Amino acid sequence: MDVAPKVIKTSEPGELTVTWNDGHVTRYTTAELRRICPCARCIDEFTGRKILDPASVPDDLEHQDVRMVGNYALSVRFGDGHDTGIYPFPLLRKLDPNQG
């Protein structure tokens, strides 16, 4: 299946909601998104080891901007100034916090 968003809602600064093309809905808090950031400042690009300490991200973190990256990902600018992560749609769907 081709994973693609149908609707991306960012109206709440502490939450991002994606409705996928198959009808599934994923809700992330901004803090959850920050904690799974896949950039090289948060994940060692050679070992895949997580560098970011999840405990360092406050639960009430807000996003300042969310943008499309081409037709394949989102980029988020967080309230803590971090903005280097690119979140490909398959990764967002795979790491859905409400999917077990």
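Keep in mind the model is a prediction, meaning the values are calculated, not measured. Keep in mind that the numbers below use all heavy atoms, side chains included, and drop hydrogens, waters and symmetry copies.
Between Leu74 and Arg67, every side-chain heavy-atom pair lies at or beyond the 4.5 Å cut-off. Residues Pro38 and Tyr87 form a side-chain contact, since some pair of their non-hydrogen atoms from C-beta on lies under 4.5 Å apart. Counting heavy atoms from C-beta outward, Ile51 and Ile43 have side chains that stay 4.5 Å or more apart. Contact check for Asp22 versus Arg93: side-chain heavy atoms found under the 4.5 Å cut-off.
To the nearest 0.5 Å, the span separating OG1 on Thr26 from NE2 on His24 amounts to 3.5 Å. Note that CG of Asp44 is 13.0 Å distant from CG of Leu52, once rounded to the nearest 0.5 Å. Going from atom CZ of Phe78 over to atom CG of Asp65 covers 11.0 Å, rounded to the nearest 0.5 Å. Taking CG from Leu33 and NE2 from His63, the interatomic distance works out to 9.0 Å, rounded to the nearest 0.5 Å. In this structure, Ile36 CD1 and Leu91 CG are separated by 5.5 Å, a value rounded to the nearest 0.5 Å.
The two residues Asn21 and Asp2 have their closest heavy-atom pair at ND2-O, 3.0 Å. Of all the heavy atoms in Asp83 and Ser75, the pair that sits closest is O-OG, 4.3 Å. Residues Val18 and Pro5 share a closest heavy-atom pair of CG1-CB, 3.7 Å. Nearest approach of Gly85 to Cys37, heavy atoms of both residues: CA-SG, 3.6 Å.
For Gln64, the side-chain hydrogen bond (donor to acceptor under 3.5 Å, both in side chains) test picks out Arg77, with sequence neighbours left out. Not counting sequence neighbours, the partners of Asp53 by the side chain to side chain contact (heavy atoms under 4.5 Å, CB included) test are Ala55, Ser56. Under the rule for a side-chain hydrogen bond (donor to acceptor under 3.5 Å, both in side chains), Asn71 has no partner lying at least two apart in sequence or in another chain. With sequence neighbours excluded, the residues satisfying salt bridge (Lys or Arg N to Asp or Glu O under 4.0 Å) with Asp80 are Arg34. Remark: Lys9 pairs with Ser11, Thr17 by the side chain to side chain contact (heavy atoms under 4.5 Å, CB included) rule, at least two apart or across chains.
A donor-acceptor distance shorter than 3.5 angstrom exists from the side chain of Tyr28 to the backbone of Leu92, with no hydrogens or angles considered. Put simply, the side chain of Thr30 gets close to the backbone of Pro13: a donor and an acceptor are under 3.5 Å apart. A donor-acceptor contact shorter than 3.5 Å links the side chain of Glu32 to the backbone of Thr29. In terms of modelled atom types and a separation under 3.5 Å, the side chain of Lys50 and the main chain of Arg35 share a donor-acceptor contact.
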Run the side-chain contact (heavy atoms from CB on, under 4.5 Å) check on Cys42 and His82 step by step: do they pass?
CA-CA 10 Å; Cys42 296; His82 188 75; 3.7 Å; yes

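A continuous path of hydrophobic side-chain contacts links Trp20 to Met68 [ILVMFWY only; heavy atoms under 4.5 Å].
Residue Ile86 is found in a hydrophobic cluster whose other members, listed by chain and number, are Val69, Tyr72; membership requires side-chain heavy atoms under 4.5 Å apart, directly or through intermediates.
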